[in-house]
Structure formats: structure tokens, C-alpha cells
4 protein chains.
Amino acid sequence: MTRKEAILKAAIQLFAQRGFHATSTSEVAKRAGVAEGTIFHYFKTKEGILMYLFEEIMDSYTEGIENILKKATSGMEAIEELIRFHFRFGEQRSQELKVVMRDFPSNLIEFGSPFREKVTERLSRIMDVTKECIERGLKDGSIRDLSPEETSFIIQGILIGVSRLKLMGPLRVPNLSSQVIDLCRRGLAKPN
Amino acid sequence: MTRKEAILKAAIQLFAQRGFHATSTSEVAKRAGVAEGTIFHYFKTKEGILMYLFEEIMDSYTEGIENILKKATSGMEAIEELIRFHFRFGEQRSQELKVVMRDFPSNLIEFGSPFREKVTERLSRIMDVTKECIERGLKDGSIRDLSPEETSFIIQGILIGVSRLKLMGPLRVPNLSSQVIDLCRRGLAKPN
Amino acid sequence: MTRKEAILKAAIQLFAQRGFHATSTSEVAKRAGVAEGTIFHYFKTKEGILMYLFEEIMDSYTEGIENILKKATSGMEAIEELIRFHFRFGEQRSQELKVVMRDFPSNLIEFGSPFREKVTERLSRIMDVTKECIERGLKDGSIRDLSPEETSFIIQGILIGVSRLKLMGPLRVPNLSSQVIDLCRRGLAKPN
Amino acid sequence: MTRKEAILKAAIQLFAQRGFHATSTSEVAKRAGVAEGTIFHYFKTKEGILMYLFEEIMDSYTEGIENILKKATSGMEAIEELIRFHFRFGEQRSQELKVVMRDFPSNLIEFGSPFREKVTERLSRIMDVTKECIERGLKDGSIRDLSPEETSFIIQGILIGVSRLKLMGPLRVPNLSSQVIDLCRRGLAKPN
DNA sequence: GATGAATGAGATTTCATTCAT
DNA sequence: GATGAATGAAATCTCATTCAT
């Protein structure tokens, strides 16, 4: 493991557990087994670690959902796969996701931040893909007549919120993925 | 306006805008027009402001949804009212809610915090009310056969997530409330 | 002695001795007998101490030379008094002057600095007074035909340079003041 | 251009512009197009660059004024040539001179520094040459009865101060050299 | 000779909190 | 109750320097 990886690993663990603000760079360095200065050698600032993390995970997520869109045979199926992917992703990378969920919004909003652009770009890409799924479903008749814009917003809201509740809280809910899929399917499917 | 109220008002504005961590007590004092010491006279710590805010808003929210439960004629109607109330509440108290959404989870998890108990108690009360709605719907036949536990979890997830997206992001979606209601109704209603 | 004064006194001593950059705020605090934070309570930044010092000494100097201009009976006499005042001032406030001479130019040039304006304003005031002396001497016939602009520049250069050499170096020269006056008088006086 | 020269060139530019303390070795390395380690290969420390610079420029200056002394036909002429040389030198090597003026005194005084000796040795050599000019003028009757010690001190002060004002400030004064010469000639020449 | 990743000491600054008035 | 000067612990970040390659 390179030093950079060690720093990232340590940061993810600590940020997920205690939060970004409550974690000091000296703690990260200690856990990573490197000198504190090394952190700043690789990531210019403490926020830089968060940024790197965010970009990395967002790119990975975006790539995943873009693949789904390519493979899916219908709009509704795409939505289902999207949800399935979302929860699978959340399980595989729960730590990183926790960090992003915990500490992200703060920076999202800060206007001066050099993040802002990158972040909003990624987020809107995610929203776009969801919208495209809906639009396809409208065309192929698998989804009922709904505004793609608004519906994709709600779908994203559902995924974020449910994941949040799951990641942050102590409650364990089995089959979350399939239950959300069922609910969404009934909500979106064309009435017969 | 009493000094305490002035402090709260200032804190809400600043915490909502910049976040809890990025706001200093001196800024709060300045905006409130009181001495810094006064803050600590009313709220023992800086976190104490957040705690007070949280309790106040949570109690208000809990009271609201408990009333709904009393008035509703069916489980499904209760759920609908719940959603309606949620978004109305979010609009009326958007600032406070933003604060809670922005900065809450961090403290939620901190184990040592004296908050933890109070917070979890309130949150589980909210979850319980949602569950009771579902349970009533199961009994009165307005809601299809679903696990109350899991479904209430998802409903809460939806509300939190969609509100979050709405409060934090720049997108404006009209009729969010009724669209979410529609989706949930189709998702929960008994098939005929 | 108030805390602020104690900080200033300590800072002057240390900056004069070791230079601004080589002195840490912790050293200043220690010598002043205050907590390090107290420094930042009174002067927002470390540079702020230098700024305060500079303004204070420049105002004092400017006031001094403006008085001379009022009292002097001829231009040449004004110049003489100016030089006399300059060296007297340098002796009375040698420490502060040393600080200014040692560490000032760096900031003078920095463009972004909030200092710049204040500094240049003061410096040009000093230059202006010198120029007025020359101009008066031209009118009253006590000074030979010389460009006021250029001559005042040279006079200021002389004063700065000679003081610098005196303050910084180990050499002790007696009667510096009167020797400089003699040299300048011969250099400026109208040939008879 | 060798690596060493590239480093020196970069250092001169940056030190002159931003000052020694505000320039990091990494910036110097970047501008010079070498690795940071290379700097320390050629100059043992960061201060070493300044030292090298200083020695080089001082030797060049000293050599120049020593030649003048040899060629001059009278003491007064030597002084005049000295001044002429000083300003010519200042124009040819303004950047280096700026560095020396900006950042030198700080180190001059530091007692522990290995510089100190070299520096004071060079400075006193310059002072000595000036004194010799005066002494010669006293003998050959071109300079009026003045203390060589004190007068050379003043002459040096004038040169340093006027150059400083010229190099550091924004003011442009034409014919500075000849004006200073005129003033000094009148100040030093034997009354007829 | 040349590199540049890694270091770690140290610097400035922030800020919640206290407490004498 | 109200103040705000004073604190000091802790945090982020810089940077000259080293050293294995």
C-alpha cells in the first residue's frame, strides 16, 4: 500500500466514524503511519482529502449507472437496476459513502470552494441519467405518464434518504433494495 | 425579542448558511447583538444551541404528526396527511430544518454526547408514528400487505431524502408534496 | 501597563533585535507575559503588530515635521530643523525605527496587503513636507535653484540612508546630525 | 546556463520581488527548472543562496571602487567617480541590489550566522575605500577640512539611502547620479 | 550529479469557554 | 443577568532539509 493509499484509508475510517470536522490531520497521519506533513504533500489541504474521496466515489458511481443505462432493455428495468445498483454500491463502499453523506453537503453549498463546480457537475450527471431512464420508460411504455424532471428528482431523493437512514442509523432492514424497487415499480408502472 | 430568542435566531441563520462548524460563537453573538458570554449564559455550550434547536423542532414535528394520527380516518389517509404535513412543515421552517439536516448526523452518532439519548428517542417516536399509520392501514384495508417496520423506514427515508434534495440543492420542483403522495399512494394502496 | 502596551513593548524589542520573521508570536507573548491568544485579541494578525507600530511611529514623525514647517522662518532653516528633528527622533525612538527599517520594505511593496495604502499615504506625506521646505527656500531665496521634486527625494534618501547605517551598524559617529546639516547647507545654499 | 546559474537567476528574481522569507525553496526550484534537492546540492542551505549572492555582488562592487581609487587623479574626483559608479552599478544590477537591500540587514546582525564575518569584512572594505578617497582629497587639497571617518560614513549613507529610495519606491528621478554628485561636490569642496 | 518523496519541527491562527466586574 | 477581555489548547499548514535511489 502506498502512502497515499494509507492516508486515504485512514481518513475514510476516521471521517466515517467521527466526522470530518472532529478528525484532525494528526490523527489521520498517526493511523496511516506517516508524518503529518506527508498528508499535505499528497493532498494540498485537509479538505483536499475529502475532495479526492468524493471525486473518486462519484466517478465510480456515475460509471456504474451509465453502464446500466446502456444494458437495460426498458426504462422501467433501468430504474430497477439503478436502485439495485445503488444499494449494492452502498454496501460495498459503505464507509466512503458514509463520509460523503456525513460531510458533504457543507461543501456543496460553499460558493467560494473550488469543489463546487466538480461536485455539481457530478451530481447533475447522476440526476441526468435517472431522468434518461424515466424518459426511456415513457417512450417504451414501461413507465406511466409522469414528468421526467420531477420524477427523477423524487427517485434520487428516495435513494439518498433511504441510504442515509440505513447508513447513519442503527436500524437494520433486510431486503431494503427489493422493497424500494417494489414500491417504485408500483409507483411508476403504467396502469393496465 | 428576548436575548435568548435573538441568539437562536442568529444561530439558525448562520448555521443554515455556513454550517455549525464554520460558524463561531462570536459571529452568533455579533449578529444577535449580545455579548459572547451571554450565549454561554443561556446555552451552556455551543453544541447546546444546536441541541435546543433540535429538541424544539423535533417536538414541534412530533406533535404535528401525532395530531394527524388522531384525526385521520384511515391509515392511507394518515400517510397522505403525514407527507403533506412534512412538506408544509419543511416550507414553514426551512431554515431550522436545513440546520438539522446539515449538522445533525454528526452528533447523532457521537457516543459520548448527552444528546444521543434525547435525539434517538425523538427519532424513534417519529418512526413509530409512521409505523402506526401503516399498521392502521393494514387493519382498515387501506394499505396493502406490507411489513410496517420496513415500510415506515422507507417512507421516512423518502421524506428525508426528498426534503434534503430540496433544501440543499438549487433545483425547484413544484408540487413535490402531491407527487410524492401520488407515488406513495400507488405504492402502498391495496390492489383492487 | 496594559496588556496591549506590554505586547507592543515586547514586540518592538524582539523585532528590533531579531527581525520580524525570526520572532515568533509565542516569543512575543512570553516576553509580554500574556497568553498567545491575547496577541490576536488585540492585533488580528502578527503583521497587524507591525502595522500598528508603523502607523503610530509614522504619525508621530509626520506630526513632528509638519510642526517644523509651521515654525520655520525660511526654507533653509526648515530643512535644517528637519534634519535635526530626524536624528533626534531616531535617537528617542531607535528601537521602533530599527523595526521599521529592518522589516518594512517587504510589506511596502506587497500589492495585496491592506497596509500598502496607509503606508504609501504616510510616506508621500513625508516627501511632500520636504518638498514644501525646498519650495519655500526657493521663494525666500535661502535655497539655490534646484528641482524641489528631485532634491527632496535626495534629502529623504540621505536621512534614511545615514540613519540606517547608524541604527544597523556598529559604528558610532558623533555629531552626525550637525555634519549632515553642514553638508546639506553647503549643498543647498544659494551661492553668494 | 548551468543548473547553479539557473538557481541563482531564479532566486534573484523571486527574492527581489517577494523577499527572501516569502520565497520558498520549492518556488525557486520550480522557476529554475530543477529539483528541490539540487538547490541543496549547490548551496548548503537556503541562506546559502543569499550568502553567495551577497559575496558575489559585494566583490564585484568592491573591485569596481578599488579600480576608481587607482585611476582617480584627485580625492574629489575619486568621490565623484565613486558616486557615478555606484549608480551605474545599481542600474546594471538592480535586481541583485534589491535583494541585498531588502533582505540583508536581517542577517547582518544575526550573531550566530557564519555570514557575519564575511559580510562585515566586505562592508568595512567599502567604507575604507570611501575613507581613502576623502583622505586623499584632504592631502591634495580637493576636499575641505572634514573628518574622513565621519564624512565617509555620511557619503555611504547617502548612497545607500538614495539607492534604496530609488530601488524600492515607485518614484523615478532622472539624473539622480549627477544631482547627488553636485550636492556632494558642493558639500565637500574646499571653499575658495 | 540529480532527484523529489518524505519528514517533522514549528508557526500562525481560531475559538469555545471562563470569570472578574 | 450581562459583559467581553483573556485564555490556552488544538488545529491546519509551511517549508527547509535529508536521503535513498
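Quick note on labels: first sequence line is chain A, next is B, and so on, each numbered from 1.
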For DNA chain F, please output the secondary structure as dot-bracket, reading 5' to 3'. Pairs are Watson-Crick or G-U wobble, both atom distances under 3.5 Å; mark crossing pairs with [ ], other-strand partners with |, unpaired with a dot. .||||||||||||||||||||

Could you write nucleotides 12-21 of chain F as a row of B, S and -, 5' to 3', where a protein heavy atom under 4.0 Å of any base atom gives B, of only sugar-phosphate atoms gives S, and otherwise -? BBB-BBB---

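Side-chain proximity of D:Tyr42 to the nucleotides F:dT7, E:dA2, F:dA2 is greatest for E:dA2. For D:Ala35, whose side chain is taken as the heavy atoms from C-beta onward, the closest listed nucleotide among E:dG4, E:dT7, F:dA5 is E:dG4.
Atom CD of A:Glu5 and atom P of E:dA5 are 16 Å apart (whole Å). The distance between atom NZ of B:Lys4 and atom P of F:dA2, rounded to the nearest whole Å, is 12 Å. As rounded to whole Å, 15 Å separates atom C1' of F:dA5 from atom CD1 of C:Ile39. Atom NZ of D:Lys30 and atom C1' of E:dA5 are 14 Å apart (whole Å).
Counting heavy-atom neighbours within 6.0 Å of D:Phe40 CZ, excluding the residue itself, gives a total above 12.
The closest donor-acceptor contact from the side chain of A:Thr23 to the backbone of A:Gly19 lies under 3.5 Å. A donor-acceptor contact shorter than 3.5 Å is absent between the side chain of B:Arg164 and the backbone of B:Arg102.
C:Glu55 has a carboxylate O that lies under 4.0 Å from a charged side-chain N of C:Arg122, or vice versa, which qualifies the two as a salt bridge.
An OP1 or OP2 oxygen of E:dA2 is reached within less than 4.0 angstrom by a side-chain nitrogen or oxygen of D:Arg3.
Partners of D:Ser60 by side chain to side chain contact (heavy atoms under 4.5 Å, CB included), not counting sequence neighbours, listed by chain and number: D:Phe89, D:Arg93. With sequence neighbours left out, the side chain to side chain contact (heavy atoms under 4.5 Å, CB included) criterion links D:Ser124 to no other residue. Here D:Ser24 pairs with D:Ser26, D:Glu27 under the side chain to side chain contact (heavy atoms under 4.5 Å, CB included) rule; sequence neighbours left out.
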Expected list for residues 4-15 of chain D: side-chain donor-acceptor pairs under 3.5 angstrom, two or more places apart:
from	atom 1	to	atom 2	distance (Å)
D:Glu5	OE1	D:Thr2	N	3.0
D:Gln13	OE1	D:Arg31	NH1	2.5

